[in-house]
Structure formats: structure tokens, C-alpha cells
Number of protein chains: 2
Amino acid sequence: MGNNLDSVRQHNLSTILTLVHHAGSIPRAQLTRRTGLNRSTIAALVGELVDLRLVTESSGETTSQVGRPSSVVQTNPDTVAIAVNPEVDAVTVGVVGLGGVVQNRIRFPTEKPPTVREAVNITSAIIAGIQGGLQTETRIVGIGIAVPGLVCQSNGLVRLAPHLGWKDEPLTEMLADATGYPTSAGNDASLGARAERTFGAGRGIDDMIYLNGGASGVGGGVISSGVALGGTSGYAGELGHTRVRSDGRADSAGVRGTFESEVTRLALLEVLGLSSADTDELEQALFAAKSLAVRSEVNRQLDFLGIALGGAINILNPRLIILGGFLGSLYALDPERLHKVVAHEALPVSWNDVTISRPKLGADLLMVGAAELAFSPLLADPAGLSAQKAGRVPDKSSQESERTALNGSR
Amino acid sequence: MGNNLDSVRQHNLSTILTLVHHAGSIPRAQLTRRTGLNRSTIAALVGELVDLRLVTESSGETTSQVGRPSSVVQTNPDTVAIAVNPEVDAVTVGVVGLGGVVQNRIRFPTEKPPTVREAVNITSAIIAGIQGGLQTETRIVGIGIAVPGLVCQSNGLVRLAPHLGWKDEPLTEMLADATGYPTSAGNDASLGARAERTFGAGRGIDDMIYLNGGASGVGGGVISSGVALGGTSGYAGELGHTRVRSDGRADSAGVRGTFESEVTRLALLEVLGLSSADTDELEQALFAAKSLAVRSEVNRQLDFLGIALGGAINILNPRLIILGGFLGSLYALDPERLHKVVAHEALPVSWNDVTISRPKLGADLLMVGAAELAFSPLLADPAGLSAQKAGRVPDKSSQESERTALNGSR
DNA sequence: TTAATATGTAGTTTGCTTGAACAAATGCAG
DNA sequence: CTGCATTTGTTCAAGCAAACTACATATTAA
């Protein structure tokens with residue numbers, strides 16, 4: 001069980017770096033108020049973060065108020081994470097700086113869904129290319145992968161990614177070996193939830209559900225009390241397999257009557273007579289369509305969406321539900337209908353708390369989410385991880401020896 | 001946002017008191033290992049807790065091993081909480097000591113479901129009686145109420161308790177005013193989950209679901225990452241209203257096809273030809289019955305139970321599911337059938353993590369759970385709350401002044 | 001009885017936060 | 001333009017909690 005020793009310092013550094021990371025840039029005086037720490041302490045802590053090259057301090061641009069203007073603390077754009085997102089038809093790799101700024105994004109299309117080996121090779125190659133173009137000052141703290149499937153938290157194994165055809169693949173380990181960077185992976189929707197909560201529509205919201213409707217099905221991520229809901233192995237949030245009717249079509253797991261089997265992008269395309277379309281095109285087509293068949297299919301899907309949301313609301317009591325992908329389009333077509341269904345399914349007191357909205361982050365969503373995964377060890381222990389280049393969780397011996405050395409020199 | 005100053009002390013005291021509370025009694029050496037703190041530090045911290053009369057130290061009874069035997073730290077039975085559980089036909093009040101030991105339990109039957117005023121009056125009267133019989137040394141830290149309904153976390157209002165006929169009742173405030181003790185309330189199933197997790201079948205399990213089947217329906221509580229899942233207002237865990245079929249009977253909220261409407265104690269009693277029975281009698285009758293009709297109803301309910309559990313497993317990825325009340329009886333009748341249904345509904349990788357079991361705590365369950373609620377401020381800040389008699393969450397000014405005084409005297 | 005092992009105790013050391021005093025930079029009133 | 005109030009950054013001494021070291025103590029094994 002955990003407790004404190006001189007890890008006070010670690011905790012405070014973590015708190016401050018996290019605040020700066022979330023805000024992008026924030027006055028030092030603000031840090032004083034938000035943390036409740038003394039000005040002198042903030043000065044010392046920020047100084048250390050500057051020494052660690054994690055943040056920079058500039059004296060300009062404060063809100064004009066009475067008194068001496070506060071110096072502004074900003075994230076250091078030299079500290080970056082690599083974000084990776086393998087998909088059915090492409091592998092996307094991005095460079096994301098502290099503060100959630102996507103500096104670079106490269107989408108590498110593939111003819112077929114990539115194998116794990118291919119995904120690793122493509123990613124390694126792109127990273128090698130990126131490294132060549134980077135400033136020598138730039139430091140990569142690690143790699144985060146957003147996987148469209150179930151990833152085991154404890155060992156990093158991709159247990160199942162049906163649309164990629166992956167099963168029990170050691171993706172994390174392979175990419176770490178290939179690149180030498182500390183690597184971690186997570187479910188794409190869970191990371192999307194994290195991104196929206198930190199930088200998007202869910203800023204400051206502690207209890208929310210993010211649902212994304214994509215070509216390959218429905219993914220979900222839950223934030224509860226400000227923390228991503230993981231479960232024992234990190235598989236939590238799979239709302240797509242919620243039962244919404246007794247019978248019906250089969251979903252990707254072969255089960256009938258689930259949310260994911262009834263509410264699909266494909267069914268919308270079919271009724272529209274389209275063979276393919278991206279999310280924006282689909283939404284435009286849906287809004288333009290006057291046909292009764294389209295309307296009826298939209299309503300049918302909205303009703304099932306409402307049933308799934310109602311169940312989730314009863315279990316999770318969220319304040320916010322963010323609907324991404326074509327789920328957001330469905331919602332935009334007829335918010336009232338969805339509200340009505342949910343109101344019927346969910347307990348009134350719980351439904352009362354809920355706001356439904358669409359995501360704020362666009363194409364960068366998964367890049368930002370995956371980068372969060374890579375940043376999290378650094379945010380949790382800024383001094384410990386900046387010390388060594390690799391950035392793995394520091395083992396006690398190395399920390400000890402470092403501290404002993406410091407003591408000796410004084 | 002929070003961080004550390006001399007709150008290190010608070011955190012460490014909290015950690016140690018929590019460990020002792022959960023274990024009941026634990027050797028000091030064990031505390032050293034579990035916390036990672038130094039022996040001297042543990043000595044000082046335990047010393048402070050002894051001074052605060054929260055724990056006691058005795059030198060006897062350690063496991064015989066090489067070396068000097070460690071002194072054993074025990075919870076001080078003089079520190080107690082009052083647990084209250086209003087029900088349809090009775091109000092139960094108990095005295096629970098630190099360590100989760102129920103020292104006293106009084107069940108006061110009522111002819112009709114009590115009004116809030118009646119519940120408060122009965123409780124106050126019983127507490128007055130208890131106080132008379134207590135040692136003068138005994139200190140009551142507060143009152144916890146387990147309510148069969150939805151309780152708002154932020155203001156303590158009982159939003160809805162359908163079986164008691166309560167709606168938006170300020171129960172917490174009324175009982176606090178009547179008794180003078182700090183009072184808090186929570187949903188009965190959520191508190192049951194907490195009790196089983198701390199002292200029962202869920203010891204050491206960080207992700208679990210507790211489901212209880214009672215006369216008035218199905219209640220649920222979720223523990224995620226070791227913390228009770230609350231949601232925005234504390235209504236989370238209402239698994240009873242999960243949809244398990246497209247149509248069907250109406251549940252207590254007037255919605256058809258929910259878990260609670262299909263899986264009921266009443267339907268079991270009816271098919272058995274019984275008019276009333278407690279949980280044990282019902283279970284015996286179910287095991288004794290050979291009739292095909294009984295068997296078929298049990299199977300029907302098991303199937304719906306499986307559907308509800310499957311959905312919950314997909315969303316929450318628990319390691320353990322505890323089935324209380326008649327849900328436990330149903331499970332005991334045919335575990336294999338339930339396993340089969342759940343295996344079909346849930347994602348295999350998530351289902352793979354799950355163990356299903358029955359509760360370990362008996363009639364004391366809700367007393368222990370409600371007491372946990374009352375103990376939690378004390379466990380979070382042992383020194384801060386023991387200082388004043390009332391035990392409310394200390395406001396900053398009082399803490400400040402106290403600290404200033406200490407500084408001044410030295 | 002002696003050695004080995006593990007725990008409790010006392011006094012010193014270390015590191016982090018704090019607080020007070022002072023310097024610096026801005027807005028506002030005259 | 002000048003002085004005052006206000007807010008923030010900076011410096012340095014002080015306080016405090018945990019860690020460390022050394023020693024005392026209590027048990028098992030030989």
C-alpha cells in the first residue's frame with residue numbers, strides 16, 4: 001500500500017506539470033492558487049521543471065490586472081511523445097508535444113489490414129524518419145498506441161482486435177524492442193475519452209462517457225471520478241456489446257441484439273445508397289436525405305442508441321455523454337428523439353444530471369489520447385523519468401544512488 | 001487541486017489507521033512492510049493513534065518466528081459508529097466499532113413503512129437508549145444510514161426510495177439535527193458492496209460488483225479500482241434497471257423488460273405456492289422443489305440474470321461478482337446454467353477474469369456498510385477529526401488556528 | 001549458553017515546505 | 001508625471017516529518 005516519504009516533491013512536481021500540461025500555458029500565480037502551495041515553493045518547483053527541460057518560463061503576456069504581472073509557465077515543445085494508431089486501412093503516427101499539441105501527423109495507408117509485424121515495421125520506419133527531421137534538442141519520452149481492440153493493462157498484450165484480425169499479439173513489446181522507447185497501448189475509445197476529458201468537450205468533467213461510432217463498430221470509454229475506468233484488465237467501457245433487444249442481427253462477436261449489431265454505419269450507408277463515405281460525407285448525406293426509409297432507419301438506430309445510453313446512465317451516473325463518429329451525426333439529426341428514449345429508459349434522477357454533446361477534438365483525437373498514455377509516467381514522476389533517457393519506471397536502486405550522490409556533494 | 005505539505009502526516013496516519021481498521025489487528029512489523037515506511041516512523045505514527053485513542057497496542061500474541069516478536073496494533077473498541085437501516089417493515093440501528101465489529105444491533109419493527117419523520121424519531125430514541133448503556137469512554141464518531149433508494153452525494157437528500165414512499169427527503173439533515181452527530185447516507189447496495197469488499201468475500205479485490213436480490217427489487221453496488229463507483233451524484237450502480245428483453249413485465253419504475261421486472265422474488269414465491277418466506281426459507285424451498293414449473297421459472301430468471309451480468313461485465317470488467325439475497329439462491333441452484341448464459345453474453349476476455357460468488361457477511365452486512373460511511377472521514381484524517389467532538393470535516397480555519405497555536409507554544 | 005534474527009527505541013540528519021522581509025512591476029488617482 | 005496600493009518574484013532562516021544509525025531487547029535455533 002502506498003504512502004508518502006520524500007515523495008512529496010514528486011507529487012508536487014507531478015501536480016504542477018499536470019496543470020501546465022492541461023492548460024498549455026498558465027501564470028505562476030495561478031499555480032500558487034490552484035495548488036495552495038507557497039509562492040516560494042512554486043518558484044522552486046517550476047525552477048526544477050525548467051531545469052528538467054519540461055517547461056519554459058516567459059515574463060510576457062499576462063492578463064492586465066493590478067500588481068506585478070506573473071510570469072507564465074508553458075510546456076516545453078521539445079518534450080514530445082509518439083502517438084500511434086493502427087487501423088484497418090492505415091497506420092497513423094504523430095508527434096505530440098506536452099500540452100497536447102499535435103506537431104506532426106503522418107498517415108500511412110495500407111491495402112489490407114496490417115499484421116502486427118507490418119504495423120510495427122511501418123511505425124518504426126516513420127519514427128526513424130521523424131527522428132531525422134527533429135531538432136537535436138527534442139526528447140521523445142515514449143510511445144502510446146491507440147488500438148481498435150482490447151488491450152490487457154497488465155502485460156500490454158492486444159487480446160483481441162477483430163477488425164485488424166489480431167489476437168493475443170505482443171504489439172507493445174515488439175514496438176518497444178524495435179524502437180527502444182518505452183511503449184504502452186490502450187483501447188482507442190478509452191484513449192479518446194481521455195483526450196476529450198483533458199482537452200476537449202469534457203474539460204473539468206469528472207464523470208463522463210465517450211462513445212464513438214466508426215466503420216468497425218461502436219467503441220466506448222468511461223471516465224469516473226476523473227479517472228479512466230479500467231476494470232481488472234483494462235477492458236472496461238465496452239458498451240458496444242450491450243444488449244438492446246431480445247433478438248435481431250448478429251454483431252462482430254456473433255451475439256444477436258447488441259447495440260453494435262443494431263446501430264451501424266453500414267446500415268446507414270445502405271439505406272442512403274452509398275458505397276463509402278467518411279463521417280462528414282455521411283452526415284451531410286443524412287441531413288440532405290428526405291426519403292422515408294432513411295428517416296425510419298435513423299429513428300430505429302436512435303431508439304437503440306437511447307436504450308444503450310439509458311442502461312449506461314443507470315449504471316454509471318455520468319454528467320456528460322459525448323457521441324463521436326456517426327453516433328454524433330445520428331444525435332444531431334434528432335436530439336429530441338434521443339432525449340425522449342433515454343428519458344424513458346434511464347432513472348429520472350440520473351438522467352437529470354446528463355448532458356449529451358459531440359466531441360470537440362477532430363482528427364487529432366486519437367493522437368492526443370495515445371500521447372496521454374505515453375506522457376502519463378512522466379506526468380506522474382517528472383524528476384524520476386527525465387533523469388534517464390529511456391524513461392522507464394525508475395527502479396529504486398537508481399533513485400537511491402542518485403540521491404546519495406546529491407547528498408554527498410553537499 | 002490537492003497536493004502535499006504537512007499533510008504527509010495526515011496521509012500516513014490515514015493509511016495506518018485504515019490498515020488496522022481493515023485487519024482488525026495487525027503486528028507493527030506488518031505495518032512497516034505494508035507501508036514501506038521506516039520502523040521509527042511507524043512507531044511515531046502508531047504512538048499518535050494510541051494518543052488519539054483510536055488504536056491500542058499489546059505486546060502479546062504474534063506468530064512465532066525468529067527474532068523479537070512484534071507488538072500488535074488493534075482497533076480501539078471505544079471508537080464506534082452508529083449504523084442505521086430503514087426498511088419497509090422495520091428500522092434497524094446498530095453500534096459498530098472500528099474494525100467492523102458489530103457490537104449491538106436493534107431491530108425496531110414498524111406496521112407500515114416508516115415516514116422519514118418516524119424513521120428519524122425511532123432512530124433518535126434508539127440512539128438515546130444506546131448512549132445510556134455505553135461506557136463513558138466510548139466515543140461515537142458519527143452516523144451512517146443505508147437507504148433502500150437513491151441518495152444524492154452532494155446534499156444528502158434521499159431523492160427516491162420507492163418502497164418506503166420517500167421522495168426528496170432531507171433524512172440526513174434531520175437525523176443530524178436530531179442527534180447532533182455528523183450524519184451521512186448512501187444507497188444500501190452500494191454500502192453492501194463496500195462492506196463485502198472490506199470485510200467479506202471481496203477482500204483485496206479492486207474491481208467487483210455486488211448485486212442483491214431483495215423483496216423490493218434488485219440493488220447493485222460497484223467497486224472499481226478499489227473505490228466505490230459513485231458517478232456525478234452517487235446514483236451509480238443501479239443495475240436493476242438494465243434492459244434484458246425488448247418487452248415484458250413492468251418494473252417498479254414502470255419500464256418493461258428490465259432485469260428487476262423479470263427477476264423477482266415474488267415470482268419465485270408464487271411458483272412455489274408460498275405467501276411469504278425469508279431468504280433462507282426461500283432457498284430451502286427452491287432446493288426442495290421438484291416441480292417442473294419451479295425449475296422452469298428458476299431457469300428463466302437465471303437466463304435474465306445472465307444477460308444483465310453479461311452487460312455489466314462488458315462495461316465494468318470486474319474480477320468478482322457477488323450475488324446476495326435470492327440472486328445467490330438462484331445461482332446456487334444451477335451455477336453452470338448461469339455461467340453458460342454469461343459466457344454467451346459477455347466478451348470472452350472479460351468473462352475470463354470473472355469469479356462469481358455469494359456474500360460472506362450475513363445480517364451484519366448493512367450495519368458494517370453504513371458504519372464504513374460514518375468512519376470514512378475519520379479514516380481519511382484521524383488527527384483532524386479526533387480533535388473536535390463533532391467530527392465534521394474540519395474547515396480550513398480551524399485547522400489553521402490549531403496549527404498556529406501549536407507553533408506558538410513551541 | 002550462544003549465535004542469529006528481527007523488532008523497538010533514541011538521537012541525529014536530511015530534505016521540503018513555509019513564512020517574513022524585501023525588491024520589482026503594474027494600475028490608478030491626483 | 002508622481003506617489004500609492006497591489007500583486008508577484010526572490011532570498012534566507014526556520015520548522016517539521018521521515019530516514020538513518022546505533023543500540024537495546026526478545027525470541028528461535030544450535
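Computed over heavy atoms, backbone and side chain alike; hydrogens, waters and symmetry mates excluded.
In this structure, CD1 in B/Ile82 is found 10.0 Å from CE in B/Met367, a value given to the nearest 0.5 Å.
Put simply, the side chain of A/Thr79 reaches to within 4.5 Å of the side chain of A/Val141, judged on heavy atoms. Residues A/Val55 and A/Leu98 are not in side-chain contact: their nearest non-hydrogen atoms beyond the backbone lie 4.5 Å or more apart.
Remark: P of D/dA17 and CD of B/Glu48 are 8 Å apart, rounded to the nearest angstrom. Residue A/Leu13 contributes atom CG, which lies 11 Å from atom C1' of C/dC16 at whole-angstrom precision. Summarising the geometry, the separation between CD on B/Gln10 and P on D/dA17 is reported as 12 Å, rounded to the nearest angstrom. In this structure, A/Arg9 atom CZ and C/dT14 atom P are separated by 18 Å, rounded to whole Å. Between the CD1 atom of B/Ile16 and the P atom of D/dA17 there is a distance of 14 Å, rounded to whole Å. Regarding B/Leu45, its CG atom lies at a distance of 9 Å from the P atom of D/dA19, rounded to whole Å.
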Check against side-chain contact (heavy atoms from CB on, under 4.5 Å), A/Ser70 and A/Gln30: CA-CA 9 Å; A/Ser70 182; A/Gln30 193 81 340; over 6 Å; no
Sequence-aligned protein contact record of nucleotides 5-12 of chain D, with B where the base is within under 4.0 Å of a protein heavy atom and S where only the sugar-phosphate is: -BBBBSB-
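For B/Asn12, a side-chain nitrogen or oxygen approaches OP1 or OP2 of D/dA18 to under 4.0 Å.
Partners of A/Arg319 by salt bridge (charged side-chain N to carboxylate O under 4.0 Å, His left out), not counting sequence neighbours: none found. Contacts of B/Arg194 classified as side-chain hydrogen bond (donor to acceptor under 3.5 Å, both in side chains), with partners at least two apart in sequence or in another chain: none.
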